[in-house]
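In this text, all values refer to a predicted model and were calculated from it rather than measured experimentally. Whatever order the structure lists ligands and atoms in, that order sets their numbers, starting from 1. Every heavy atom of this structure was used, including side-chain atoms; hydrogens, water molecules and symmetry mates were not.
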Amino acid sequence: MASSISLKLYSSSPTLNFHNHSPSLSPFSIRPKLTTDRTLTLSVAREVPAELSPISDGAITNQKTKKPVLEKDHIALWHRYIEWLYQHKELGLYIDVSRVGFTDEFVKQMEPRFEEAFRAMVELEKGAIANPDEGRMVGHYWLRDPNRAPNSFLKTQIQKTLEAVSNFANDIISAKIKPPSSPEGRFTQILAVGIGGSALGPQFVAEALAPDNPPLKIRFVDNTDPAGIDHQIAQLGPELASTLVIVTSKSGGTPETRNGLLEVQKAFREAGLDFSKQGVAITQEDSLLDNTARIEGWLARFPMFDWVGGRTSEMSAVGLLPAALQGIDIKEMLIGASLMDEANRSTVLKNNPAALLALCWYWATDGVGSKDMVILPYKDSLLLFSRYLQQLVMESLGKEFDLDGNRVNQGISVYGNKGSTDQHAYIQQLREGVPNFFATFIEVLRDRPPGHDWELEPGVTCGDYLFGMLQGTRSALYANNRESITVTVEEVTPRSVGALIALYERAVGIYASLVNINAYHQPGVEAGKKAAGEVLALQKRVLAVLNEASCKQPVEPLTLEEVAERCHAPDDIEMIYKIIAHMAANDRALIAEGNCGSPRSIKVYLGECNVDDLYA
Ligand SMILES: O=P(O)(O)OC[C@H]1O[C@](O)(CO)[C@@H](O)[C@@H]1O
């Protein structure tokens with residue numbers, strides 16, 4: 001930053017000598033400028049430290065990071081703010097990228113890549129095989145604008161599904177469709193069983209938009225944690241009889257979701273309830289789940305389309321059905337998304353909100369994920385936005401290979417919670433600790449519905465504090481060279497939430513193009529699933545070996561080495577130990593000697609011998 005004073009001179013040719021004898025002044029230089037009206041301006045400017053040097057566009061670059069030092073002059077920043085501020089009038093949405101330090105030169109350099117990304121988006125929307133590995137089209141944009149679907153069959157499919165979702169939700173809410181044995185005579189609860197993209201969108205939207213007293217309250221089973229499932233079922237209590245169970249799985253074969261379903265079905269049996277009269281499936285046609293639901297005659301089935309990925313499925317039946325059942329205006333969500341999509345079709349970078357985000361991400365992370373994306377919504381109802389974005393961004397961008405087969409190990413890590421709560425948790429590190437992130441503030445202008453506000457001290461409301469905390473954190477981070485984006489919406493409404501989802505969906509797609517990766521597959525997830533399957537297969541062999549030893553007279557407790565040897569899996573001894581420790585903790589194996597803290601001391605057997613299993 002530079003400070004200056006101006007003096008009027010009365011000699012036409014003054015001699016000016018500047019001496020700086022004070023070492024404490026060494027980081028400053030004094031720059032005189034004499035104008036024709038004999039005004040002398042003395043500017044005192046901070047010297048550029050050794051590691052900083054000018055780059056070609058005149059900006060100052062930090063040689064360590066090759067990034068310009070962030071502009072700190074308030075008026076220059078204000079001009080930058082105005083120059084780059086994006087506004088979507090109809091959506092009441094703004095994006096401020098002024099606190100990200102990209103240069104004009106960088107924007108220019110990126111232009112060809114953006115042109116390519118915009119072209120790729122046009123092709124994608126026309127129905128190109130944008131997910132080449134899986135040979136699939138990528139059509140989540142058609143869900144909010146069916147006219148853009150590449151053929152009339154898909155268009156009709158989308159429209160019919162939307163109609164079916166709306167009608168079914170209305171019939172449930174109006175009690176035209178009733179649970180068979182509920183004293184209330186209507187459905188009061190939803191239990192949504194699903195994981196990943198089949199849960200995160202509905203969870204985010206429920207938290208953001210469900211009214212205080214929704215027609216149906218929603219809870220989730222999104223894991224294969226038995227205690228978690230028990231907790232949800234216990235919380236429902238007698239209302240299980242008036243619970244609509246929505247089982248969502250695109251593939252229809254995800255183990256966690258299958259387990260959740262089996263657990264819930266068991267709870268229904270134990271309560272003497274007929275699950276099929278209360279069960280709904282959302283899945284691809286002919287999947288395992290679809291066939292189960294069809295054969296068992298569940299209450300309803302809704303399709304998930306091959307060309308919609310789990311993490312971009314919020315505007316399909318996956319997100320719309322639970323939202324409609326909670327009384328959320330799904331048409332408004334679709335309008336919000338569609339308006340945002342339209343804006344994102346602009347090929348002018350400054351007018352394209354998703355491209356602006358992608359530009360900032362690329363700049364901040366050097367296009368290689370070198371910094372994390374911290375999402376800070378200053379609104380409690382947007383708490384789950386970061387969790388939702390975590391999957392959308394990380395599953396889409398976290399890729400080992402690019403589209404040309406080069407190993408690139410791409411990705412951007414995403415985390416966040418909400419402000420100003422985070423002020424009292426991790427903002428300390430963000431401000432002063434390792435500078436390995438860029439922040440995105442989500443600002444909501446409307447504090448609470450009109451007519452409810454009051455001043456808790458003269459001139460200041462509770463919402464003013466929240467506003468102050470956001471602005472203060474933004475300034476404090478920037479002052480310490482931490483870059484941030486601010487996305488502002490006027491209110492949290494179905495329309496603005498639809499727009500936010502669409503904004504990030506497109507930003508991810510554009511960014512993926514910029515770094516030349518396939519955003520629409522997730523090959524890495526398979527490795528963990530396969531390994532989990534192998535662990536369960538090994539567990540079955542361990543059980544068979546232990547059963548055989550436990551059926552002997554007298555029972556033969558085995559060491560871990562003996563179990564591994566009899567399983568023909570000596571290399572898997574560590575996993576066998578873990579399997580046995582887990583079974584012992586759950587009363588399914590007995591430790592005869594030793595304890596789990598000293599694996600070599602263990603001798604194990606089963607509490608019961610199952611003779612039938614011996615000959616299985
Ligand atoms: O909807 P499904 O097929 O059950 O998959 C759930 C989630 O699992 C993943 O395939 C990852 O394992 C996600 O992409 C997906 O959202």
Pair F437 + Y415: ring centers closer than 6.0 Å: no
Ionic contact status for R119 with E116, cut-off 4.0 Å: yes
Identity and distance of the protein heavy atom lying nearest atom 6 (C) of ligand 1: I195 O, 3.3 Å
S198-ligand 1 polar pair, N/O distance under 3.5 Å: yes
Atoms of ligand 1 close to K529 [distance to a heavy atom under 4.0 angstrom, numbered from 1]: 10 (O), 12 (O)
Under 4.0 Å to a heavy atom of T254 - the qualifying atoms of ligand 1, by number: 2 (P), 3 (O), 4 (O), 5 (O)
Flag for E239-T188: side-chain donor and acceptor within less than 3.5 Å: yes
Closest protein heavy atom (residue, atom, distance) for atom 12 (O) of ligand 1: V525 CG1, 2.8 Å
Aromatic ring pairing Y362/Y511, orientation class (parallel under 30°, perpendicular over 60°, tilted between): tilted
Mutual orientation of the aromatic rings belonging to Y388 and F385 [parallel < 30°, tilted 30-60°, perpendicular > 60°]: parallel
Ligand 1 contact by Q391, heavy-atom criterion under 4.0 angstrom: yes
F441 vs V487, side-chain contact (heavy atoms from CB on, under 4.5 Å): CA-CA, chis, key distance, verdict: CA-CA 6 Å; F441 293 98; V487 178; over 6 Å; no
Protein residue, atom and distance nearest to atom 14 (O) of ligand 1, heavy-atom basis: E395 OE1, 2.6 Å
Residue G197 vicinity, atoms of ligand 1 by number, heavy atom under 4.0 Å: 15 (C), 16 (O)
